[in-house]
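Computed from a prediction, not measured in an experiment: that's the story for all the values here.
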Amino acid sequence: LQGFLVEGLRIAASALQTAPQIAPPPPVTEPAAEPSKLPPGVKELPTKGRIAYRTTYSRMRGIDVMTYVDWTIDIDQARYELWLRTVDPPGLLDLRSTGELKPFGIAPTQYLERIEIANRELTVDFDWTSHIVRFAGRGAGEPAPFDDGTQDPLSLQFHLPLLAQTYPWRFTPGSLVSFQVARRKVESYTFVVDGFEPVTIQGKELQALKVLRPKGPNSNRAVELWMAPDLDWIPVRLRFVDTNDEVWDSVLAHLPGTEPPPAPMAPAPARKRSSAILPASRCWSECMGAAACRGNVPLATGACIDKF
């Protein structure tokens with residue numbers, strides 16, 4: 001019996017040595033994720049909203065203007081619309097920016113700037129296929145090439161907060177943030193990150209990061225923004241110095257949730273051009289209405305905002 005057991009074990013061991021080895025299955029790898037076509041963080045933003053500012057202009061002494069900035073975002077179509085306008089009194093500024101959302105941020109396709117009381121309109125059209133931008137309106141330049149990341153004067157107010165929210169390490173004091181801006185021509189804008197400063201809104205003090213593009217030999221327009229991290233980096237103050245050294249200063253009028261609700265994004269009205277020239281002695285009240293005139297300031301429409 002013992003011999004039978006020994007022989008059985010020997011045969012079993014031999015069978016195990018000669019049995020074919022089965023290779024383990026290859027590891028399962030997940031397919032690579034498709035790169036996002038949207039800028040980081042944009043899916044967390046509200047799809048529409050309004051920001052209200054109180055705006056002063058150094059040539060309009062004593063006049064405090066209410067300014068609305070409305071926005072809509074279509075995530076599925078990767079599109080956006082921005083609309084800035086003065087509503088009290090109306091007609092001073094009407095700026096619109098429409099375009100696409102790309103991985104680097106906002107990509108405007110058209111910028112429209114209207115100043116009805118000055119009978120002036122500027123249009124900027126971006127062709128992202130050829131990377132050529134075209135200008136129309138008084139003082140418009142020739143078509144010019146542009147780079148990824150190029151903005152218009154309105155879209156930059158949202159592009160910078162989007163960058164700061166996504167890449168906060170790029171916004172440490174002393175850092176430089178550069179991209180092109182197209183209005184009458186393509187210019188290089190380099191913003192200096194200055195540091196945090198307090199800004200008071202409705203009695204509440206907010207810490208806001210100030211970034212600025214100072215005037216210089218290659219920049220005849222200064223831009224300053226104060227962005228509040230506690231409010232998703234939205235600009236709580238904006239300050240622009242134009243080519244005539246006149247200052248536009250806008251401060252957030254309402255904390256988020258307390259501003260008037262946004263209206264539907266209205267289409268741009270048809271332009272009615274006029275050849276009438278206003279005399280330089282005409283009072284601002286004749287253009288804006290008597291309620292808008294403070295101290296009967298004798299400013300002509302063109303003199304007020306022709307250099308903007």
Side-chain angles (χ1 to χ4, degrees), residues 39-42 45 49-59 64-69 71 82 84 86 93 95 97 104-106 149-181 183 187-259 308:
V42 73
L45 298 177
R50 166 174 292 171
I51 306 175
Y53 294 97
R54 282 289 179 186
T55 302
T56 58
Y57 179 39
S58 57
R59 292 292 294 271
D64 193 328
V65 179
M66 178 64 78
T67 303
Y68 286 166
V69 183
W71 81 86
L82 299 171
L84 180 152
T86 56
L93 279 180
L95 312 180
S97 175
F104 60 76
I106 294 176
T150 299
Q151 302 299 309
D152 61 51
L154 179 55
S155 68
L156 75 84
Q157 301 176 29
F158 286 77
H159 185 67
L160 275 170
L162 187 59
L163 292 179
Q165 187 174 17
T166 307
Y167 311 108
W169 58 88
R170 294 176 56 185
F171 287 80
T172 56
S175 299
L176 303 179
V177 180
S178 299
F179 50 82
Q180 294 176 322
V181 175
R183 184 172 177 260
E187 299 181 76
S188 294
Y189 274 45
T190 297
F191 289 88
V192 180
V193 182
D194 193 38
F196 282 91
E197 295 182 359
V199 178
T200 302
I201 308 296
Q202 291 182 313
K204 180 179 180 179
E205 185 176 283
L206 299 170
Q207 289 297 315
L209 182 65
K210 180 182 178 182
V211 297
L212 69 151
R213 183 221 189 199
K215 294 185 75 169
N218 299 318
S219 57
N220 57 9
R221 294 162 60 88
V223 181
E224 297 173 272
L225 288 86
W226 287 258
M227 303 181 295
D230 290 344
L231 302 181
D232 295 325
W233 293 91
I234 67 169
V236 294
R237 184 184 178 192
L238 304 100
R239 188 174 183 270
F240 300 90
V241 183
D242 63 23
T243 57
N244 203 34
D245 287 332
E246 302 296 345
V247 179
W248 300 77
D249 199 339
S250 296
V251 179
L252 193 68
H254 302 276
L255 292 170
T258 65
E259 69 277 359
F308 178 68

Supply the atom-to-atom distance [X] [atom1] to [Y] [atom2], rounded to the nearest 0.5 angstrom.
| X | Y | atom1 | atom2 | result |
| --- | --- | --- | --- | --- |
| L93 | T55 | CG | OG1 | 8.5 Å |
| T150 | Q180 | OG1 | CD | 4.0 Å |
| L95 | T86 | CG | OG1 | 9.0 Å |
| K204 | L252 | NZ | CG | 11.0 Å |
| I201 | L231 | CD1 | CG | 8.5 Å |
| S155 | L160 | OG | CG | 9.5 Å |

If you define the side chain from C-beta out and look only at heavy atoms, does anything of [X] sit under 4.5 Å from [Y]?
| X | Y | result |
| --- | --- | --- |
| L163 | V177 | yes |
| L84 | Q157 | yes |
| P235 | P161 | yes |
| K215 | D245 | yes |
| R54 | M66 | yes |
| V69 | Y53 | yes |
| F171 | M227 | yes |

I'd like to know if the side chain of [X] reaches the main chain of [Y], judged simply by a donor and an acceptor atom lying under 3.5 Å from each other, with no hydrogens or angles considered.
| X | Y | answer |
| --- | --- | --- |
| R221 | R213 | no |
| S58 | V247 | yes |
| N244 | E246 | no |
| K210 | V192 | no |
| Q151 | G149 | yes |

Shortest non-hydrogen contact between [X] and [Y], atoms and distance:
| X | Y | answer |
| --- | --- | --- |
| D152 | V181 | C-CG1, 4.0 Å |
| H254 | A52 | CD2-CB, 3.6 Å |
| F104 | I106 | CE1-O, 3.5 Å |
| A208 | V199 | CB-CG2, 4.1 Å |
| G195 | P173 | CA-CG, 4.2 Å |
| P153 | L156 | O-CG, 3.6 Å |

Sequence neighbours left out, what pairs pass side-chain hydrogen bond (donor to acceptor under 3.5 Å, both in side chains) with at least one residue falling in residues 229-238?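 For residues 229-238: R237-D249.
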For the residue pair F191 and Y189, categorise the inter-ring angle as parallel (less than 30°), tilted (30 to 60°) or perpendicular (more than 60°).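 The arrangement is tilted - the two ring planes meet at 30° to 60°.
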Describe, in one word, how the ring planes of W71 and F158 are oriented to each other, choosing from parallel (under 30°), tilted (30 to 60°) and perpendicular (over 60°).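 If you compare the ring of W71 with that of F158, the planes turn out tilted.
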For the residue pair T67 and S250, confirm or rule out a side-chain donor-acceptor distance under 3.5 Å.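 No pair is found: no donor N or O on one side chain lies under 3.5 Å from an acceptor on the other.
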